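Let me begin by presenting the structure, written as structure tokens, before commenting on it.
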Amino acid sequence: MDSLTLVCTVSLLAGGLYWFVCILGSAEQKGKHASQLTGGSIQRENVQDNYNEYWSFFRRPKEIEKTENVPAFVDTFYNLVTDIYEWGWGQSFHFSPAIPGKSNLESTKIHEQMAVDLIRVKPGQKILDAGCGVGGPMRAIAAHSGCNVVGITINEYQVSRAKAHNKKAGLDGLCDVVCGNFLEMPFEENSFDGAYSIEATCHAPKLEDVYGEIFRVLKPGSMYVSYEWVTTELYNGEDPEHVEVIQGIERGDALPGLRSYSDIAEVAKKVGFEVVKEKDLAKPPSQPWWTRLKMGRIAYWRNHILVMVLETLGVAPKGTVDVHEMLFKTADYLTRGGDSGIFSPMHMILCKKPEKPQES
């Protein structure tokens, strides 16, 4: 190969890699680039081992059922996936109904704003985001409502990402993030004017534990809204295909077990809430939430090739390819769950803490 051909070949490869990473690498304007993929708080040499350990939980299902094991299990998952989520999805780690004429980002923001509108809070009041991730919903809600939002996430890496995003968006005066377990929150009783959780409490091994904590920290008369991951009335536990889909969702999203839609209101009442409204926001006339996953297949293969190159070059830690492949398989299960109607990620329940303690 002559020198001119060599220079052209190297330039073409370098230009192609730059195009993949810098032009196509960011999920949104303030997102993450493929060249920045890490294992969160996990040291890069331990990412593969932590991925293997994550999957070992599913070979020992009784371990997942133990409440004390779940926080570490979920923390490991979010260390592994947070950067990939931000790169390929954005800063809001949840779904939303498609809205004709609106982009995915716009539809997501409208879905988030609806949550704070439902709990009827006023500017300047303090509200809780239970399971805030890197704070995409928090920022949309703070900007929309003028409320002070305090988020809690179990993952330290997500705390640092959320704080950086809050500062970059100029919303660090309204948004704060705490690292902690939403099953045992470090907040005083009756200290919040409202609360919400968006597709987060599905990680709780027992829903009553997280609902009970949220009830505790809310002021009397305040409201709480949650978008829950559930199996719907169409789910048949005797149908092997239904079982495969739901188990695939559980394995790929760090869930100790999906709950039935029929359990949600009963749990809320059990901890003391009054149920104001309950509705599956995924049902018609809402447009399918899973079309975004279907549309992403070409992007997945493009991204997967890039991840393989970056891992081979040592830019991304060993194990990143496995994590990316796991998320793609999970996307297929989610799509099948949405298509068949047996799964919903947005079963909405709106609750109120009574003004006076209930008599026993």
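These numbers were taken from a predicted model, which means no experiment stands behind them.
- In terms of modelled atom types and a separation under 3.5 Å, the side chain of Arg44 and the main chain of Gly314 share a donor-acceptor contact.
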Worked verdict on Leu334 versus Trp229 for side chain to side chain contact (heavy atoms under 4.5 Å, CB included): CA-CA 11 Å; Leu334 288 163; Trp229 282 31; 4.1 Å; yes
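- With sequence neighbours excluded, the residues satisfying side chain to side chain donor-acceptor pair (under 3.5 Å) with Asp117 are His144.
- Side chain of Glu213 to backbone of Met185: a donor-acceptor contact under 3.5 angstrom is found.
- For the side chain to side chain contact (heavy atoms under 4.5 Å, CB included) with Ile141, the qualifying choice from Asp129, Ile127, Val121, Ile119 is Ile127, the only one to do so.
- Between the side chains of Glu156 and Ser41, no donor-acceptor pair is found at a separation under 3.5 Å.
- Counting only distance, with no hydrogens or angles, the side chain of Asp253 and the backbone of Leu255 share no donor-acceptor pair below 3.5 Å.
- Counting heavy atoms from C-beta outward, Leu118 and Met223 have side chains that stay 4.5 Å or more apart.
- Note that the CG atom of Asp75 and the NE2 atom of His203 stand 11.5 Å from one another [nearest 0.5 Å].
- The backbone N or O of Ala282 sits nowhere less than 3.5 Å from a side-chain atom of Ser286 that would complete a donor-acceptor pair.
- Checked for salt-bridge contact, Glu325 and Lys329 meet the test: a charged N lies under 4.0 Å from a carboxylate O.
- Here Arg259 does not pair with Glu266 in a salt bridge; the nearest charged N to carboxylate O distance is not below 4.0 Å.
- With contacts defined as side-chain heavy-atom distances shorter than 4.5 Å, the pair Glu228/Thr201 qualifies.
- Between Ser92 and Glu112, the side chains place a donor N or O and an acceptor N or O closer than 3.5 Å (distance only, hydrogens not considered).
- From Leu293, atom CG reaches atom CZ of Arg336 across 13.5 Å, with rounding to the nearest 0.5 Å.
- With sequence neighbours left out, Tyr261 forms a ring-ring contact (aromatic ring centres under 6.0 Å, His included) with no residue at all.
- His111 contributes no side-chain N or O that, together with a main-chain N or O of Pro97, makes up a donor-acceptor pair within less than 3.5 Å.
- Nearest approach of Asp322 to Gln48, heavy atoms of both residues: OD2-NE2, 2.9 Å.
- The environment of Met114 atom CE is dense: over 12 non-hydrogen atoms of other residues, nucleotides or ligands sit within 6.0 angstrom.
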Full working for side chain to side chain contact (heavy atoms under 4.5 Å, CB included) between Thr231 and Ile342: CA-CA 6 Å; Thr231 56; Ile342 65 172; over 6 Å; no
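- Here the closest heavy-atom approach between residue Gly39 and residue Pro317 is recorded as N-CG, 4.2 Å.
- Minimum interatomic distance between Ala130 and Ile214 (heavy atoms only, all atoms of both residues): CB-CD1, 3.9 Å.
- Once rounded to the nearest 0.5 Å, the distance linking NZ of Lys109 with CD1 of Ile99 reads 12.5 Å.
- Using a 4.5 Å cut-off on side-chain heavy atoms (C-beta onward), Val149 and Arg139 make no contact.
- The 12-atom threshold is exceeded at CD of Glu106, counting heavy atoms of other residues, nucleotides or ligands nearer than 6.0 Å.
- For Glu45, the CD atom sits in a packed shell: over 12 heavy atoms of surrounding residues, nucleotides or ligands are nearer than 6.0 Å.
- Scanning both residues, Ala268 and Val275, for their nearest heavy atoms gives CB-CG2, 4.1 Å.
- Counting only heavy atoms from C-beta outward, the side chains of His347 and Glu278 approach each other to under 4.5 Å.
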Test log, rule side chain to side chain contact (heavy atoms under 4.5 Å, CB included), inputs Asn303 and Phe328: CA-CA 11 Å; Asn303 291 348; Phe328 177 67; over 6 Å; no
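- Judged by distance alone, the side chain of Ser107 and the main-chain N or O of Asn104 form no donor-acceptor pair under 3.5 Å.
- Taking the six-membered ring for Trp and the full ring otherwise, the centers of Trp290 and Phe95 sit at least 6.0 Å from each other.
- Judged by distance alone, the side chain of Asp209 and the main-chain N or O of Leu183 form no donor-acceptor pair under 3.5 Å.
- The only member of Lys122, Lys219, Lys126, Lys353 that meets salt bridge (charged side-chain N to carboxylate O under 4.0 Å, His left out) when paired with Asp193 is Lys219.
- Of the possible donor and acceptor atoms, none in the side chain of Glu199 sits under 3.5 Å from a partner among the backbone N and O of Phe93.
- Taking OH of Tyr211 as the reference point, atom OG of Ser226 lies at 4.0 Å (rounded to 0.5 Å).
- Checking Glu86 against His165 by side-chain atom types alone, a donor-acceptor pair falls below 3.5 Å.
- Using a distance-only test at 3.5 Å, with no hydrogens or angles considered, a donor-acceptor pair links the side chain of Asn50 to the main chain of Asn46.
- Taking CZ from Phe77 and OG1 from Thr82, the interatomic distance works out to 8.5 Å, rounded to the nearest 0.5 Å.
- Note that CG of Leu258 and CD of Gln247 are 10.5 Å apart. Values are rounded to the nearest 0.5 Å.
- Counting only distance, with no hydrogens or angles, the side chain of Tyr54 and the backbone of Ala254 share a donor-acceptor pair below 3.5 Å.
- Ring pair Tyr196/Tyr224: centre-to-centre distance not below 6.0 Å.
- Closest non-hydrogen pair, Leu174 versus Ala142, comes out as CD1-O, 3.8 Å.
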Side chain to side chain contact (heavy atoms under 4.5 Å, CB included) evaluation trace for Met138 with Asn166: CA-CA 9 Å; Met138 170 191 298; Asn166 292 345; 3.8 Å; yes
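- Of all non-hydrogen atoms in Asn181 and Pro71, the two that sit nearest each other are ND2-CG, 3.6 Å.
- Ring to ring, Tyr235 and Phe343 are not that close: their centroids are 6.0 angstrom or more apart.
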